[in-house]
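Notes follow once the structure below has been shown.
Heavy atoms only: backbone and side chains are in, while hydrogens, waters and symmetry mates are out. Residue indices begin at 1 and follow the sequence shown.
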Amino acid sequence: MHYVIGDVHGCYEALMILLKKLNLSSEDIVTFVGDFVDREPSREQGDKLMAWFMENITEDGQFRSAIGNHDYDYYNTVRAFHGGLDLLVSAFSDEKCAVEKQEAFAQKLGKLPLYHEYLIHGVRNVVTHSWLLDRSDHPYFTDEETDGGYNVEGSIWDRHMSLYYDPKEVRVIHGHTIVISKRVKNPHKESSIATRIFKYGNNINVDCGCFMGLANRGNLAALRLEDNAEFYAYSDEDVVEECKRLAALSEGRLKDYQIFIACARYPLKLLERTDHEYINECRENLLAEQGTKSIDVVNDSSFENWLEWNRTCYREKMMQLYKQDKRFIVWN
């Protein structure tokens with residue numbers, strides 16, 4: 001079986017949870033879309049992921065990866081600083097081992113390919129970070145002629161083809177832009193709890209924004225190419241439990257439903273749902289807080305204005321708590 005995993009961004013714990021759920025055999029192949037570095041939730045997780053990457057990622061073994069824009073930038077930054085490494089090591093001799101590890105890590109990141117391709121059930125599946133563009137910025141996978149070369153930077157940074165183009169000739173599985181981003185025309189993102197993979201025909205986005213953290217609906221996803229089965233590190237229930245855990249850490253300054261709403265990108269769309277027990281509880285708590293028994297919270301402009309004002313207050317409290325505990329971050 002072939003699995004594709006979205007942008008990891010230093011989230012070692014989420015990756016270990018997801019890999020356990022995949023229950024891999026020795027014959028399975030896992031391909032990452034890139035972006036192993038930056039935005040990691042902690043230095044410890046970033047270091048653990050670096051060690052895992054160095055031990056497991058190979059060109060044609062069980063664990064493979066395309067290069068992401070953050071990987072590419074990390075490689076170029078370390079390479080540009082190479083001339084100053086001796087000075088750094090001489091000034092901070094205890095950092096020598098760490099510097100050598102980072103340089104080896106950067107070198108390996110820099111050698112990652114632009115894409116991997118698999119023929120499954122007669123269909124070409126291309127796994128890349130964002131898209132593939134030629135040196136004239138024409139997309140591959142079309143009937144148009146290309147000049148045969150790749151625009152590496154244009155490909156790994158692309159936010160046009162990867163967001164709006166459905167190729168007919170091949171399936172493209174990529175990451176780069178979080179599926180709940182305002183740029184992604186995902187009809188499910190506004191009412192989702194734990195973030196899910198977004199499919200636009202043969203354009204499949206597996207970047208579920210794991211780095212944002214659970215309360216912000218961050219998730220790490222895997223897609224199995226043979227049958228399109230989806231796997232996730234976290235469930236809706238995990239998001240709810242995280243909000244409750246943060247509420248306990250706030251020592252009474254915030255309720256769990258307030259954290260849930262503060263972190264929601266589209267709170268009114270979430271509150272439209274009536275099929276989720278926790279959302280129903282949140283709605284009841286918010287109405288009680290407002291002092292009303294109205295249930296038409298979506299079409300009630302007074303409730304909408306009240307919610308937006310109080311949501312701002314919730315977010316400000318979370319940002320104050322963030323100064324004491326990094327787990328209270330709110331991603332815009």
May I have the step-by-step check of side-chain contact (heavy atoms from CB on, under 4.5 Å) for Ile5 and Thr31, ending in yes or no?
CA-CA 6 Å; Ile5 294 181; Thr31 306; over 6 Å; no
Test side-chain contact (heavy atoms from CB on, under 4.5 Å) applied to Cys243 and Ile259, step by step
CA-CA 6 Å; Cys243 291; Ile259 293 173; 4.1 Å; yes
Stepwise side-chain contact (heavy atoms from CB on, under 4.5 Å) test for Val179 and Thr195:
CA-CA 8 Å; Val179 299; Thr195 306; 3.2 Å; yes
For Val33 and Tyr115: C-alpha separation, side-chain torsions, deciding distance, then whether side-chain contact (heavy atoms from CB on, under 4.5 Å) applies.
CA-CA 8 Å; Val33 300; Tyr115 69 98; over 6 Å; no
Run the side-chain hydrogen bond (donor to acceptor under 3.5 Å, both in side chains) check on His174 and Asn203 step by step: do they pass?
CA-CA 8 Å; His174 65 90; Asn203 180 336; 2.7 Å; yes
Show the numbers, then the answer: is there a salt bridge (charged side-chain N to carboxylate O under 4.0 Å, His left out) between Arg124 and Glu117?
CA-CA 7 Å; Arg124 291 173 60 204; Glu117 183 171 335; 2.7 Å; yes
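The six-membered or imidazole ring of Phe211 lies near that of Trp331, with a centre-to-centre distance under 6.0 Å. No close placement of the Tyr200 and Tyr164 rings is indicated, their centers lying 6.0 Å or farther apart.
Checking Asn228 against Arg171 by side-chain atom types alone, a donor-acceptor pair falls below 3.5 Å. In this model, a donor atom of one side chain and an acceptor atom of the other lie less than 3.5 Å apart for Glu230 and Tyr232. Side chains of Ser155 and Asn151: no donor on one and acceptor on the other come within 3.5 Å. At a cut-off of 3.5 Å, with distance as the only test, no side-chain donor of Ser191 or Arg273 sits close to an acceptor on the other residue. Side-chain contact, Asn125 with His2: no donor N or O sits under 3.5 Å from an acceptor N or O. Using modelled atom types, one finds no donor on one side chain facing an acceptor on the other under 3.5 Å when comparing Asp35 with His176. Judged by distance alone, the side chains of Glu40 and Tyr12 never bring a donor and an acceptor atom under 3.5 Å apart.
Note on ring orientation: taking the six-membered ring where Trp is involved, the planes of His70 and His9 are perpendicular (angle over 60°, cut-offs 30° and 60°). Between Phe53 and Phe105, the angle of the ring planes goes over 60°, which puts this pair in the perpendicular group of the 30/60° scheme.
Checked by atom type and distance alone, the side chain of Glu308 never pairs as donor or acceptor with a backbone atom of Asn305 at under 3.5 Å. Asp158 places no side-chain N or O within 3.5 Å of a backbone atom of Gly154 that could act as its donor or acceptor partner. Looking at Lys255, its side chain never comes within 3.5 Å of a backbone N or O of Ala247 through a donor-acceptor pair. Panel note: side chain Asp28, backbone Gln62; no donor-acceptor pair is recorded below 3.5 Å. No donor-acceptor distance shorter than 3.5 angstrom exists from the side chain of Ser192 to the backbone of Ala194, with no hydrogens or angles considered. One N or O on the side chain of His276 and one on the backbone of Tyr278 form a donor-acceptor pair closer than 3.5 Å. In this structure, the side chain of Arg253 engages the main chain of Ser250 through a donor-acceptor pair within 3.5 Å. The closest donor-acceptor contact from the side chain of Lys189 to the backbone of Tyr266 lies at 3.5 Å or more, if one exists at all. Listed for the Asp7 side chain is no donor-acceptor partner under 3.5 Å among the backbone atoms of Phe36. Asn76 contributes a side-chain N or O that, together with a main-chain N or O of Tyr72, makes up a donor-acceptor pair within less than 3.5 Å.
One finds no salt bridge joining Glu242 and Arg217 here, because no Lys/Arg side-chain nitrogen approaches an Asp/Glu carboxylate oxygen to under 4.0 Å. The existence of a salt bridge linking Asp47 and Arg43 is confirmed by a sub-4.0 Å separation between a basic side-chain nitrogen and an acidic carboxylate oxygen. With respect to Lys48 and Glu44, a salt bridge is recorded, a charged nitrogen being found less than 4.0 Å from a carboxylate O.
Counting only heavy atoms from C-beta outward, the side chains of Tyr314 and Lys317 never approach each other to under 4.5 Å. Side-chain contact between Glu13 and Gln45 is present, with at least one heavy-atom pair separated by less than 4.5 Å. A 4.5 Å side-chain heavy-atom check between Lys199 and Asn205 finds every atom pair outside the cut-off. Taking 4.5 Å as the limit, some side-chain heavy atom of His116 sits within range of a side-chain heavy atom of Tyr118. Contact check for Asp325 versus Phe328: side-chain heavy atoms found under the 4.5 Å cut-off. Side-chain contact check for Ser130 versus Met161: every heavy-atom pair is 4.5 Å or farther apart. Contact check for Val184 versus Ile178: no side-chain heavy atoms found under the 4.5 Å cut-off. The side-chain heavy atoms of Tyr150 and Leu133, taken from C-beta on, include no pair separated by under 4.5 Å.
Each of Val4 and Leu114 belongs to its own hydrophobic cluster when Ile, Leu, Val, Met, Phe, Trp and Tyr are linked at side-chain heavy-atom distances under 4.5 angstrom. Under the 4.5 Å side-chain heavy-atom criterion for grouping Ile, Leu, Val, Met, Phe, Trp and Tyr, Leu220 is connected to Leu49 within one hydrophobic cluster. Under the 4.5 Å side-chain contact rule for hydrophobic residues, Met212 and Tyr322 share a cluster. Under a hydrophobic clustering in which Ile, Leu, Val, Met, Phe, Trp and Tyr are joined whenever their side-chain heavy atoms come within less than 4.5 Å, directly or via other members, Leu109 and Met54 fall into the same cluster.
Arg196 meets the salt bridge (Lys or Arg N to Asp or Glu O under 4.0 Å) test with Asp236; sequence neighbours excluded. For Tyr3, the ring pair (Phe, Tyr, Trp, His ring centres under 6.0 Å) criterion is met by Phe231, not counting sequence neighbours.
The minimum heavy-atom distance linking Ile197 with Ala222 is given by the pair CD1-O, 3.8 Å.
Residue Gln324 qualifies as enclosed at atom CD: its count of foreign heavy atoms under 6.0 Å is above 12.
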